[in-house]
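Hydrogens, waters and symmetry mates are skipped; everything else that's a heavy atom, side chains included, is used. Naming: A, B, ... by sequence-line order, numbering from 1 per chain.
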Amino acid sequence: MAEQLGSLARTHTCGALRPTDVGKNVVLLGWVHRVRDLGSLLFLDVRDRHGLTQVIIEGDAALLEKVKPIRSEFVVAILGEAERRSADTVNLALPTGEVEVRAREVRILNEAKTPPFSIAEDQNVSEETRLRYRYLDLRRPQLQHNLALRHRITIALRKYFDEQGFYEIETPILTKSTPEGARDFLVPSRVHPGEFYALPQSPQIFKQILMIAGFDRYVQIARCFRDEALRADRQLEFTQVDLEMSFATEAMVFEVVEGALAACFQAIGVEIPRPFRRMPYAEAMAKYGNDKPDLRFGLEIQDFGSLFADSPFGIFREAIAHDGTVRGFVIPGAAKFSRREVDDLVDQAKQLGAAGLIYARYTADGVQVSAKAIGDEGTRRVLEASGASKDDLLVLASGAPDAASKVLGQLRLNVAKKQNLIPEGRWELTWVTDFPLFGWNADEKRWDSVNHPFTAPREEDRHLLKSDPGKVLAKAYDVILNGWELGGGSIRIHDRETQADVFRLLGLSDEDARNRFGFFLESLEYGTPPHGGLALGLDRICALLAGETSIREVIPFPKTTQAVDLMCNAPSTVDPRQMRELHIKPIA
RNA sequence: GGGGUGGUAGUUCAGUUGGUUAGAACGCCGGCCUGUCACGCCGGAGGCCGCGGGUUCGAGUCCCGUCCACCCCGCCA
């Protein structure tokens, strides 16, 4: 049934024809977008990724008979002549709308089953169906546009980094497992029974070794793998724009990365102001309860600890007496919240782990507070300090400073979303700097790296390494866009002793360290330049710039939150022979 | 592992306090139509109400379990 392409070559894409092409003999190759059959007059809209062209079939009974079975998504070749449309039939909605192709011959190159959802209609389809028929979803304008944008961003980055003197260098996909950090994906070795490769969580060690090797500036668009829970902004495999620079200071990394992101924004025609804002980690945690603050809206968290040290409200007084504090934020216009709405806020706070949530507001004849013991005077004082107007609602939580801010920070995001306080089309970029180097792991009673174990401490904090590790701040930084972590990095440790000190603090014995990173520790001793870098999440950049809320919309073949590829049905069982060859056996 | 939202025709959805034969739109199939472009008009087919139990005279609707998709927490150096 299907006819042959033969030596037929397209003369124009489906988005190309203009009035200047009128009179030309053309060959179009593409998919049938829509058929409009008017009896002895029939229109075909033919589509490819470049656009849509109207084809007219008229006055040729044999041809009309031949095209009769054509349905949406058939693949066709159109041979005909480009004609100007009469003034009353031009379609200004189409770039090709001033012309049409009068078909002389139509070849049906392939038929198509009726697709489970329409490519031509812009209808909502459940993500499950879209993922199962991803090849059809990819034909639709949204993903066509998103992947085109991703291409432009990727090209812009490669061009930018080349201009900045970076070499693009590849690193292994089959590499060595390093037990800290995310769960590794393991690949059993056939040649070495019982041994495994790991897929890289990031090319971290390799890029540092490239600095030791003298490559000075390295960049890679690197696939990374982490066997962790999936989210809207996290997939098992994702793409990092990984970079590293020798003799780099934090300021140098910031400048290079700001230029790279500016190049990305140019792909959507947006000029972003530079330099970006910088915010110490401690400030981000205090004001936004979060190390990736969304700065598109206010609702900043304020500290009211000093107002409640002698409060008649025991819960606040006690919190302060035990190194805690009272924090809160103002919800604009929320004074009119009903009992039910404020109860909902309190419930949310409790769900987020708060012991409770107190709210306060002005009323027609004074003030109101949900904890009577605070009293009118105390309520008036805190409302005044918060800057709340008579239309606003103040919410308060007490506890350890970070814990209180964390709950309020999450509540802040919920409220902003629900109250529609997040403006469209705003781009709020910021660096978050001065992360702590270590975090206390209460479960295992030891220090963990907040970033990774190769992150350098700030010089002024080095003396605290042994005496007070929790106070040591790192030369580490994240770059944040609209509440998403776009990337993070650090200046690295480049001397053997500091690296050994850090490993010791992390509870890694010399032997453990040797087993896991021995080759790397050894390499540090052969002339390592000071160096640092960062990795950007390419999927996240593309998603945000495409206006999407999930990176699945910029990844051609993503997995579900249950880590399944619904199109090819991976993962799946394998032939027992394959497993035997790999010396492995399922235990469940 | 925990919390939440959803699952009814190919698709997107509606379906009342549990009560006749489960509806709509688009799509699909057939017919008519010479200027359509979301063509129009006429006719038609299409349902394991996610799956399994239970309550009931009677379940799409109520209860329990389970599966799938999505969002969030934990997790993600």
Worksheet item: Could you go step by step and tell me if Asp242(A) and Tyr218(A) meet the side-chain hydrogen bond (donor to acceptor under 3.5 Å, both in side chains) rule?
Response: CA-CA 8 Å; Asp242(A) 191 46; Tyr218(A) 141 95; 2.8 Å; yes
Item to complete: In sequence, state the C-alpha distance, the side-chain angles, and the governing distance for Phe520(A) and Phe454(A), and then conclude on ring-ring contact (aromatic ring centres under 6.0 Å, His included).
Response: CA-CA 10 Å; Phe520(A) 178 58; Phe454(A) 317 115; 5.0 Å; yes
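On the P atoms, G6(B) is 15 Å away from U16(B), given to the nearest whole Å. Separation of the P atoms belonging to U55(B) and C72(B) is 40 Å when rounded to the nearest angstrom.
Judged by closest nucleotide on RNA chain B, Thr114(A) is the one of Val90(A) and Thr114(A) placed further toward the 5' end.
Residue-level contact check: Arg71(A) touches the backbone only, with heavy atoms under 4.0 Å from sugar-phosphate atoms and none from bases. Nucleic acid contact class of Thr89(A) (heavy atoms, under 4.0 Å, all strands): base. No engagement by Ser86(A) is indicated, since no non-hydrogen atom pair under 4.0 Å with the nucleic acid exists. Within 4.0 Å of Arg130(A), counting heavy atoms only, lies no atom of the nucleic acid at all.
Side chains of Ser405(A) and Asp402(A): a donor-acceptor N/O pair is absent below 3.5 angstrom, by distance only. Defined by atom type and a distance below 3.5 Å, a donor-acceptor pair is present between the side-chain atoms of Thr171(A) and Gln220(A).
For the pair Asp501(A) and Arg462(A), the tightest heavy-atom approach, listed with the atom from each and the gap, is OD2-NH2, 4.2 Å.
Using N1 to N3 plus N6-O4 or O6-N4 for Watson-Crick, or N1-O2 and O6-N3 for G-U wobble, each under 3.5 Å, A69(B) pairs with U5(B). Here C41(B) sits opposite G31(B) as a Watson-Crick or G-U wobble pair (both hydrogen-bonding atom distances under 3.5 Å). With both pairing distances under 3.5 Å, C62(B) is matched to G54(B) as a Watson-Crick or G-U wobble pair.
Between C37(B) and Arg47(A), no contact under 4.0 Å exists linking OP1 or OP2 to a side-chain N or O.
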Between the protein and nucleotides 38-44 of chain B, are there any N/O to N/O pairs under 3.5 Å, and if so, what are the atom names and distances?
from   : atom 1 : to       : atom 2 : distance (Å)
C39(B) : OP2    : Arg34(A) : NE     : 3.3
C39(B) : OP2    : Arg36(A) : NH1    : 3.2
C39(B) : N4     : Asp37(A) : O      : 2.5

Could you go through nucleotides 72-76 of chain B and list every protein N or O atom that sits under 3.5 Å from one of its N or O atoms, giving the distance for each pair?
from   : atom 1 : to        : atom 2 : distance (Å)
C73(B) : OP2    : Arg231(A) : NH1    : 2.8
C73(B) : N4     : Arg231(A) : NH2    : 3.0
G74(B) : N7     : Arg231(A) : NH2    : 3.0
G74(B) : O6     : Arg231(A) : NH2    : 2.6
C75(B) : O2'    : Glu228(A) : OE1    : 2.6
C75(B) : O2     : Arg234(A) : NH2    : 2.9
C75(B) : N3     : Arg234(A) : NH1    : 3.1
C75(B) : N3     : Arg234(A) : NH2    : 2.9
C75(B) : N4     : Arg231(A) : NH1    : 3.4
C75(B) : N4     : Arg234(A) : NH1    : 3.3
C76(B) : O2     : Arg234(A) : NE     : 3.3
C76(B) : O2     : Arg234(A) : NH1    : 3.1
C76(B) : N3     : Arg234(A) : NH1    : 3.2

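A 6.0 Å sphere centred on CZ of Arg49(A) holds no more than 12 heavy atoms belonging to other residues, nucleotides or ligands.
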Item to complete: For each nucleotide in nucleotides 3-14 of chain B, reading 5' to 3', give B when a protein heavy atom comes within less than 4.0 Å of its base, S when such contact involves only the sugar-phosphate, and - otherwise.
Response: S------SSS--
